[in-house]
Amino acid sequence: ALWHGINTPLIMSIVTVVAGVALYLGLGPVSKILDGAARLWRMGPGPNKIYDGTLYLLSECTWPLLLSLQDGNLRRYIRWTMVVPTILIVYAGVRMNWSPDIWPGLQGFTFLAAVVCALIALSAIATAVFPTRIPAVLALGTAGYAIAGLYVVLKAPDLALTQIMIESASVVLFLLVFWYLPELKPVARSKSRAARDWAISIFLGGAVAAGMALAMNSHYHRTIADFFMKTSKPLAGFKNVVNAIIVDYRGYDTLGEITVLVISGMAIYAMMRIVGSFMTEGGGH
C-alpha cells in the first residue's frame, strides 16, 4: 500500500527531516559547538592517543628484548633452533606411555648396512671437524652419497636416485659459492664453548634418532600402507609400491621436487656461465 497510516517509521522519518532542516538553518552555532568539542577531544586522552602511546611504549620496552633475540649472531640462532626442538622431542617422549617392546630390534641388520651407517657418521663428524671449507663440503657430500648407498642397501633405488641428484646439485652449488667467497679465519672458541656445541649436536642427533625409532614402532592407529599395497596395481598400474606412491599417490609432491631440481640446475648453470665469463675476461686482460 502507498499509505500505511501514522506509524513509528513515519514519525521517525518526520523527526529526522525536521532535525536535519533545523541543523542546516542553525549550522553556524552548531559548528562552533562541534569545533569546541573537537578541540577538547584532541586535548584529552582520545582513542588515537591511547593507540599511538601504546605502540610507542611497546616499541621502546620491547626493543632491548628484540636486540637480545635478533642480535645478528648466526651461531646463537642455530644453537636455539637445535636446542628447542630437542627439548620438545625429549619432553614428548618422556610423557608418552611406551610399551616395553617399543624399541626396534635388529631385524634385517647386515654388515654392509653397518659399514654404510659408520661411513655416514664419520662423514658427518668430519664435516664438523675439518677447519677449511672445501674438505668440509666434500665430507658433507660424502655423507649424502652414503645415505643414498644406505637407500640402495635397504632396497629403495628410487629414493637413492633422488638423493644422488639432490646431493650432486648441492655439492656443486656449495663448491661454487665457497670457492669464490673471501677466506675467513675460524672464530676462536674456548674449550667450554666447543664442549657445549658438541653436547648440543650429539643431544640433537640422539633425540632425533630415538624419536624416529619410537615413531616407527608406535603405531597407535592403522596406517595407509595396506591401502597402498592393495591398490598400487589395480589403481595406479604399478607393481612397485614405491613407484606408485612417488608417481601417482604423491604426484604433486614429486612434481615439486622436480621443479626444485630444475631451478637448482638453472641456478648452477647461470653461476657457471658468470664464473666462466669472469675468468675469460681476466685471462684476456
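Numbers here are sequence positions counted from 1. Note: hydrogens, waters and symmetry copies are ignored here, and every other heavy atom, side chains too, is used.
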Engineer: As a test of understanding, state which of Thr162, Ile245, Ile246 forms a side-chain contact (heavy atoms from CB on, under 4.5 Å) with Thr254.
Structural biologist: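 Output: one option passes, namely Ile246.
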
Engineer: Between CZ of Arg79 and CG of Asp197, what distance do you get to the nearest 0.5 Å?
Structural biologist: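 Interatomic distance, Arg79 CZ to Asp197 CG, rounded to 0.5 Å: 5.5 Å.
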
Engineer: Of all heavy-atom pairs between Val137 and Val171, which one has the smallest distance, and what is that distance?
Structural biologist: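 The pair with the smallest heavy-atom distance is CG1-O, 4.3 Å.
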
Engineer: Please determine whether residues Val30 and Ile33 belong to a single hydrophobic cluster, defined as Ile, Leu, Val, Met, Phe, Trp and Tyr linked transitively by side-chain heavy-atom distances below 4.5 Å.
Structural biologist: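 They do not share one cluster, since no chain of ILVMFWY contacts under 4.5 Å joins Val30 to Ile33.
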
Engineer: At what distance, to the nearest 0.5 angstrom, does CZ of Arg250 lie from CD of Glu257?
Structural biologist: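 Going from CZ on Arg250 over to CD on Glu257, the span is 6.5 Å.
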
Engineer: Which atoms form the tightest heavy-atom contact between Val152 and Ala160, and what is the distance?
Structural biologist: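 Closest approach of Val152 to Ala160, heavy atoms only: CG2-CB, 3.5 Å.
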
Engineer: Working to the nearest 0.5 Å, report the span between CG of Leu74 and OG1 of Thr81.
Structural biologist: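 Those atoms lie 10.5 Å apart.
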
Engineer: Quick one: salt bridge (charged side-chain N to carboxylate O under 4.0 Å, His left out) partners of Arg76, sequence neighbours excluded?
Structural biologist: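 Checked Arg76 against salt bridge (charged side-chain N to carboxylate O under 4.0 Å, His left out); matches are Asp71.
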
Engineer: Can you confirm whether Arg196 is buried at CZ, in the sense that more than 12 heavy atoms of other residues, nucleotides or ligands lie under 6.0 Å from that atom?
Structural biologist: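 Check passes, neighbour count above 12.
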
Engineer: Can you run down the ring pair (Phe, Tyr, Trp, His ring centres under 6.0 Å) pairs that involve residues 117-176, sequence neighbours left out, and say none if there aren't any?
Structural biologist: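 Output for this query lists Phe174-Phe178.
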
Engineer: What pair of heavy atoms forms the shortest contact from Val116 to Gly149, and how long is it?
Structural biologist: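 So the minimum-distance heavy-atom pair works out to CG1-C, 4.2 Å.
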
Engineer: Could you state the interatomic distance from NZ (Lys230) to CD1 (Ile224), rounded to the nearest 0.5 Å?
Structural biologist: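 CD1 of Ile224 is found 13.5 Å from NZ of Lys230.
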
Engineer: Using the rule that two of Ile, Leu, Val, Met, Phe, Trp, Tyr join whenever any of their side-chain heavy atoms come within less than 4.5 Å, decide whether Ile11 and Trp3 are in one cluster.
Structural biologist: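 Yes, because Ile11 and Trp3 connect within a single hydrophobic cluster, where side-chain heavy atoms sit under 4.5 Å apart.
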
Engineer: Same hydrophobic cluster for Ile200 and Val208, using side-chain heavy-atom links shorter than 4.5 Å among ILVMFWY?
Structural biologist: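 Yes.
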
Engineer: Determine whether Ile87 and Met82 fall in the same hydrophobic cluster, where Ile, Leu, Val, Met, Phe, Trp and Tyr are linked whenever their side-chain heavy atoms lie under 4.5 Å apart.
Structural biologist: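 Yes; Met82 is reachable from Ile87 via cluster members.
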
Engineer: Could you grab the distance from atom CE of Met165 to atom CD1 of Ile258, nearest 0.5 Å is fine?
Structural biologist: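 Going from the CE atom of Met165 to the CD1 atom of Ile258 covers 8.0 Å.
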
Engineer: Please name the pair of heavy atoms, one in Leu10 and one in Gly5, separated by the smallest distance, quoted to 0.1 Å.
Structural biologist: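 Reported closest heavy-atom pair: CD2-O, 3.7 Å.
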
Engineer: Hydrophobic cluster membership, with links at side-chain heavy-atom distances under 4.5 Å among I/L/V/M/F/W/Y: are Ile134 and Val172 in one?
Structural biologist: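 Result: yes, single cluster for both.
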
Engineer: Which heavy atom of Val241 sits nearest a heavy atom of Ser232, and at what distance?
Structural biologist: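 Looking at all heavy atoms of both residues, the shortest contact is CG2-OG, 3.8 Å.
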
Engineer: Backbone N or O of Ala113 within a donor-acceptor pair of the Thr110 side chain at under 3.5 Å?
Structural biologist: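 Such a contact is found between Thr110 side chain and Ala113 backbone.
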
Engineer: Would a 4.5 Å heavy-atom cut-off, applied to side chains only, mark Ser123 and Leu119 as touching?
Structural biologist: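 Yes; the side chains approach each other to less than 4.5 Å.
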
Engineer: Between Ala126 and Ala139, which heavy-atom pair has the shortest distance, and what is it?
Structural biologist: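 In terms of heavy atoms, the two residues are closest at CB-CB, 4.0 Å.
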
Engineer: In Å, rounded to the nearest 0.5 Å, how long is the span from CG of Leu122 to OG1 of Thr127?
Structural biologist: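 Rounded to the nearest 0.5 Å, the CG-OG1 separation comes out at 10.5 Å.
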
